[in-house]
Amino acid sequence: MKKNNRVILCTTLFYLLVHLDALARNNAHLSPHVHGVSELTVAVEKQSIELEIKYPAIDILGFEHKAKTAKDIEITNDVKIILSQHEELFAFTNSECLLMDQQLDISSIHNMNNTEDEKHNNKEVKHHEVIASYHYHCKEVPTLLTITVNAFDHFSAIHQINTRWLTEEQQGSVLLSPKNRVIKLR
């Protein structure tokens, strides 16, 4: 993908996220961090697809504190492996897509700083998230592209995934669940 197109896609995704964040803040019933609920943003431009999913740490790790013990670190490393297996998490229909880049932000749990946890010391619960981003290049994006999200198979504590998507023609949202895993774009 040309650098200019990627900049346009990233800029568009940024403005979509800002817009959706503003909408969420205006709706008092929506919480930025709800256990059992993850957030997925999908942006499609030409042959490029960007996915970013935010998981509450408790839902995929089983804890929200900093990884302190050997067991915590082992769980964190296991989750990193699962999140790196993108083909297990997402399936594209009618399109052959190749992963170009992926990033995982688990810094709020990993590489702990004990003084931060000591500051909170049960007086304030600190919610942590794990964020995974995937960039795909597709040979051809069909008129009707569907993405099946299989994160429910790997993380049983996830009950819903609030999904927002944007293509060059339209935008939309869908609430995914273990029984409804398909995003229909276009």
Side-chain angles (χ1 to χ4, degrees), residues 1 3 5-7 9-10 13-14 16-17 32-113 126-141 145-166 174 176-178 180-183 185:
M1 172 187 268
K3 185 176 182 180
N5 287 344
R6 185 147 186 183
V7 169
L9 178 64
C10 289
L13 182 59
F14 171 76
L16 172 67
L17 292 173
H33 182 96
V34 178
H35 294 176
V37 180
S38 295
E39 295 181 11
L40 173 63
T41 304
V42 180
V44 179
E45 182 183 40
K46 296 184 178 149
Q47 294 173 273
S48 182
I49 299 176
E50 298 275 345
L51 303 172
E52 180 182 271
I53 189 161
K54 294 180 183 178
Y55 302 97
I58 189 84
D59 295 343
I60 64 172
L61 296 168
F63 60 87
E64 282 193 305
H65 56 266
K66 297 287 186 174
K68 297 178 185 177
T69 67
K71 181 69 174 166
D72 291 349
I73 293 168
E74 179 183 348
I75 291 169
T76 303
N77 289 333
D78 290 345
V79 166
K80 288 164 94 175
I81 290 169
I82 293 169
L83 294 176
S84 71
Q85 297 171 342
H86 65 97
E87 66 280 351
E88 295 289 322
L89 299 173
F90 305 105
F92 300 94
T93 57
N94 302 325
S95 188
E96 195 173 320
C97 299
L98 177 66
L99 181 70
M100 303 302 289
D101 184 37
Q102 77 181 40
Q103 297 185 8
L104 176 61
D105 181 0
I106 200 162
S107 60
S108 69
I109 297 295
H110 217 289
N111 300 327
M112 60 155 232
N113 178 354
K126 179 119 171 120
H127 297 289
H128 295 282
E129 293 182 326
V130 174
I131 303 169
S133 302
Y134 307 88
H135 172 129
Y136 295 89
H137 178 77
C138 305
K139 283 188 175 181
E140 185 177 323
V141 177
L145 171 68
T146 62
I147 303 171
T148 303
V149 179
N150 295 313
F152 302 102
D153 295 338
H154 301 280
F155 306 112
S156 61
I158 297 174
H159 304 293
Q160 295 178 341
I161 300 176
N162 293 329
T163 304
R164 296 171 188 98
W165 54 268
L166 172 70
V174 63
L176 301 179
S177 68
N180 177 31
R181 306 166 174 234
V182 179
I183 305 165
L185 305 171

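Only heavy atoms go into these numbers, but all of them, side chains included; no hydrogens, no water, no symmetry mates.
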Is the number of heavy atoms from other residues, nucleotides or ligands under 6.0 Å of Glu96 CD greater than 12?
-> no

Donor-acceptor pair, Gln47 side chain versus Lys139 backbone, under 3.5 Å?
-> yes

Can you tell me how far CD of Gln160 sits from OG of Ser38, rounded to the nearest 0.5 angstrom?
-> 10.0 Å

Atom CD1 of Ile60 and atom NZ of Lys80: how far apart are they, to the nearest 0.5 Å?
-> 11.5 Å

Minimum heavy-atom distance between Asp59 and Phe155, given as atom pair plus value = O-CB, 4.0 Å

Would you call Lys54 and Glu39 a salt bridge, using N to O less than 4.0 angstrom?
-> no

So, Asp153 and Arg181, do they make that salt bridge, N to O below 4.0 Å?
-> yes

Any side-chain heavy atom of Ile73 within less than 4.5 Å of one from Thr69?
-> no

Smallest separation among heavy atoms of Val149 and Leu40, with atom names | CG2-CD2, 3.9 Å

Can you tell if the side chain of Gln102 reaches within under 4.5 Å of the side chain of His86, non-hydrogen atoms only?
-> yes

Is there a donor-acceptor pair closer than 3.5 Å between any side-chain N or O of Glu52 and the backbone N or O of Thr41?
-> no

For the residue pair Leu61 and Ile75, what are the closest heavy atoms and their distance?
-> O-CG2, 3.4 Å

Trace of the side chain to side chain contact (heavy atoms under 4.5 Å, CB included) decision for Ile147 with Val42 | CA-CA 10 Å; Ile147 303 171; Val42 180; 4.0 Å; yes

Determine whether Tyr134 and Ile49 make a side-chain contact, defined as any pair of heavy atoms from C-beta on separated by less than 4.5 Å.
-> no

For the pair Asp72 and His65, evaluate side-chain hydrogen bond (donor to acceptor under 3.5 Å, both in side chains) and give the outcome as yes or no after the intermediate values.
-> CA-CA 9 Å; Asp72 291 349; His65 56 266; 2.9 Å; yes

From Glu129 CD over to Ser107 OG, what is the distance, rounded to the nearest 0.5 angstrom?
-> 11.0 Å

Heavy atoms, side chains only, cut-off 4.5 Å: are Ile158 and Tyr55 in contact?
-> yes

Could you state the interatomic distance from CG (Leu51) to SG (Cys97), rounded to the nearest 0.5 Å?
-> 9.0 Å

Leu89 versus His154, closest heavy-atom pair with distance | CD2-CD2, 3.7 Å

Determine the minimum heavy-atom distance between Pro178 and His159, stating which atoms define it.
-> CD-O, 3.4 Å

Specify the closest pair of heavy atoms between Ala67 and Thr76, including all atoms of both residues, with the distance to one decimal.
-> CB-OG1, 3.9 Å

When you look at Ser133 and Glu50, which way does the side chain to side chain contact (heavy atoms under 4.5 Å, CB included) test go after all the steps?
-> CA-CA 7 Å; Ser133 302; Glu50 298 275 345; 5.8 Å; no

Backbone of Phe90 reached by a side-chain donor or acceptor of Asn150 within 3.5 Å | no

Aromatic rings Phe92 and Tyr136: how do their planes relate, parallel, tilted or perpendicular, breaks at 30° and 60°?
-> perpendicular

Is the gap between the ring centers of His128 and Phe63 under 6.0 Å?
-> no

Can you measure from CD1 (Ile161) to CD1 (Ile183) and round to the nearest 0.5 angstrom?
-> 8.0 Å

Approximate separation, where rounding is to 0.5 Å, of Gln85 CD and Leu99 CG | 12.5 Å

With the side chain counted from C-beta on, respond yes when Leu185 and Thr146 share a heavy-atom pair under 4.5 Å apart, and no when they do not.
-> no

